[in-house]
Trainee: 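Below is a structure I'd like to ask you about.
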Amino acid sequence: MAEIIRSVKGTRDFYPEDMAVRRWMFDIIREVSTRFGYQEYDGPCLEFIDLYAAKSGEELVKEQAFVFSSPGDDLLTLRPELTPTLARMVAQQQFEIPMPLRWWSIGPFWRYEKPQRGRTREFFQWNIDLVGTEKVSADAEIVAVAATFLQETGLSPEQVRIFVNNRRLMDSALSRLDIDETLKTSVFRVVDKIDKLSKREWQAFALESGMTQEQVDGLLSLLKDEDLWKESDELVAFFELIQSYGVGDYVAFNPKVIRGLDYYTGTVFEAFEIGGKSRAILGGGRYDNLVADVGGNPLPGVGFAMGDVVMELVLRDAGVIPENLGNISQVIVTVFNEETLSESIKVANTLRDAGYRVVLYPEFDKMGKQFKYADRLNIPVAVILGPDELEKSEVAVKNLRTREQVNVSREMLIEQIEKFLQRSP
RNA sequence: GUGCCUGUAGCUCAAUGGUGGAGCGCCUCACUGUGGAUGAGGAGGUCGUGGGUUCGACCCCCAUCAGGCACCCCA
C-alpha cells in the first residue's frame with residue numbers, strides 16, 4: 001500500500017463516531033447558550049497579528065500563535081483566541097449594538113503547543129460573553145450558564161465544580177499583608193502555583209518572588225480561609241444570586257483561583273474536575289476594558305472560554321456520553337436484482353418522505369450480505385422487495401433485532417416499520 | 001526548550017541473537033430469498049528509515065524520522 005500522507009501534528013480526525021460525540025456536546029452548548037438569550041456570532045479564523053499584539057499575553061502571540069505571511073506580504077495569524085476579535089467587532093459598532101450584549105460562539109482555534117493528552121494544536125473553543133454591564137448579577141448569570149452546561153451534560157456537582165474568587169478581594173487582602181502593588185502580579189503567580197508545587201518548593205518559589213517569610217505565612221493562611229468571601233460584598237451578592245439560579249451545588253468559593261491573565265478585574269472563576277486529575281475545564285471572569293485596547297471606549301463585561309479537548313476527556317471519564325449517538329439509519333431497503341431496483345428506490349423514497357433515515361443497498365448482492373451490511377451499520381429494520389412480494393404487491397419487513405418478519409401491503413408499510421422501531425429505536 | 005516511553009499485518013499487540021505470530025477485521029465457501037453464531041479455507045509484512053556490531057539482527061549499539069506521555073508554559 002502506498003504511504004498515506006500523515007495528518008498535521010496536533011490536529012484530529014473526526015470519524016463519524018467522534019463527530020457524533022462532538023455534535024452532541026456542541027448541541028448542548030448551543031441549547032444552553034440560546035436558552036439564556038445569547039446570540040451566536042463568529043469572526044474570521046485569520047487575523048492580522050497586530051490584533052493580538054496589543055492585548056493578549058506576549059507569550060501567546062510570540063510563542064504559540066501560527067503566524068505566517070500571506071502572498072500579499074501581510075503578517076497573518078490563525079486566531080489563538082476569540083476575545084480580541086470580539087473586542088474589535090464590538091468597537092466597530094459600539095453605538096449600534098443594544099447593550100448589554102449577550103453573544104456566544106464556538107469555532108476552531110490554533111496554538112502551536114506540544115501536543116499531549118488534553119492538548120492539541122487545533123481545538124474548538126466555546127466563548128460566551130455578557131458585555132456592557134458591571135453588575136454582579138451579570139457575573140452570576142455567566143457562571144450559571146457554565147454550571148447549567150455542566151449539569152446538562154450529565155456531570156454531577158461531585159464530579160465537577162466551578163471555583164470562584166474575586167480579584168478585588170484578593171487585592172485588598174494582599175494589601176493587608178503589606179504586599180506592594182508592584183509585587184502583586186508575581187504574588188498572583190505564586191498563588192496560582194500552590195497546588196502544582198510541593199510545600200517546600202512552593203515556599204521557596206514564594207520567597208524567590210520577593211515576599212518575606214511573614215508575608216508567605218500570611219498568604220498561606222489567607223488561602224486556607226474558606227470564609228474570606230464574606231468580606232467581599234460582591235461575592236456575598238454573587239453567591240446569593242447563584243443559589244437563585246438553582247445551580248449553587250456546582251459553585252464554590254476558592255481563594256486559590258486567580259487566573260494568569262492581567263485583564264481580569266473582579267470575579268474570576270475556573271471549573272475543575274473533582275478528584276481524578278482535577279483538570280481545568282473552563283475559565284473566565286470579569287474584565288472592565290474590553291474594547292479599550294482596540295481603540296473604543298472601555299466597556300465592562302464578563303465571560304468565559306471552554307476548550308473541547310479537556311471537556312471531552314472529562315465527559316468520557318465520567319461516563320456521561322450517551323451510547324449510539326449519531327444519525328444511525330433506521331431502515332435498509334434491500335435490492336433483489338436489477339428488475340426490482342426501481343421498486344426498491346420508490347419504497348425508499350416513500351419512507352424518506354415520511355421522515356425516516358433510509359439506506360438503499362447499492363448492489364444486487366445476496367440477501368445474507370445485505371443483512372450483514374445492515375448489522376454492521378446497526379440498522380434495526382430491513383425492507384425486502386423480491387419477485388414474490390412484488391407479485392402480491394406486498395413488502396416484507398424484518399426486525400433485525402428480533403428476527404421477526406412479516407409481509408404487509410404497501411399501505412401498511414409505514415405502520416409496520418413504526419411498530420418495529422418503537423420496540424428497538 | 002527538557003526528560004521518559006513506543007514504532008512489527010487494515011486495527012490491537014506477541015515473538016531468549018538462529019526460517020516473523022496471535023486476536024479482531026477483511027475475502028471465499030458450507031448457505032443460489034435471510035444477517036450477528038459456528039466451522040473450513042484465503043489474501044494481507046521492505047519488522048519506521050539509514051548506518052554499525054555479529055557467522056547470523058525484529059531483538060544489541062548509534063543516528064534520524066514519526067507518535068505518545070510527563071515537565072516548562074498556558075487556558
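Everything numeric here is computed off the predicted structure, so don't read it as measured data. Order of the sequence lines sets the chain letters (A, B, ...), proteins ahead of strands, with each chain counted from 1.
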Trainee: Give a yes or no on whether a donor-acceptor pair under 3.5 Å exists between the nucleobase atoms of G36(B), that is its base, and the side chain of Arg403(A).
Mentor: yes

Trainee: Provide, to the nearest angstrom, the distance between the CD atom belonging to Glu339(A) and the C1' atom belonging to G33(B).
Mentor: 15 Å

Trainee: Of the nucleotides G33(B), G35(B), C73(B), which one has an atom closest to the side chain of Phe336(A)?
Mentor: G33(B)

Trainee: Checking base pairs now: Watson-Crick or wobble, both atom distances under 3.5 Å. What partners A43(B)?
Mentor: none

Trainee: For G33(B), does the base pair up with any side-chain atom of Glu389(A) as donor and acceptor (N or O, under 3.5 Å, distance only)?
Mentor: yes

Trainee: Would you tabulate the pairs of protein nitrogen or oxygen atoms and nucleotide nitrogen or oxygen atoms of nucleotides 2-6 of chain B closer than 3.5 angstrom?
Mentor:
from: U2(B); atom 1: O4; to: Lys114(A); atom 2: NZ; distance (Å): 3.1

Trainee: Could I get a table of every N or O pair under 3.5 Å where one atom is in the protein and the other is in nucleotides 24-32 of chain B?
Mentor:
from: C26(B); atom 1: OP1; to: Arg376(A); atom 2: NH1; distance (Å): 2.7

Trainee: Answer with yes or no after comparing the ring centroid distance for Trp229(A) and Phe238(A) against a 6.0 Å cut-off, counting only values under it.
Mentor: no

Trainee: When you measure only distances, ignoring hydrogens and angles, does the side chain of Arg119(A) come within 3.5 Å of the base of C74(B) through a donor and an acceptor?
Mentor: yes

Trainee: Are Arg79(A) and Phe109(A) in a cation-pi setup, meaning NZ or CZ lies under 6.0 angstrom from the ring centre and within 45 degrees of the ring axis?
Mentor: yes

Trainee: Would you mind classifying the nucleic acid contact of Lys9(A) as base, sugar-phosphate or nothing, using non-hydrogen atoms under 4.0 angstrom?
Mentor: sugar-phosphate

Trainee: Could you state the atom-to-atom distance from CD of Glu113(A) to P of C71(B) in whole Å?
Mentor: 14 Å

Trainee: Assert yes or no for the condition that the ring centre distance of Tyr361(A) to Tyr373(A) is strictly below 6.0 Å.
Mentor: yes

Trainee: Taking the P atom of each, how far is G51(B) from G56(B), in whole Å?
Mentor: 16 Å

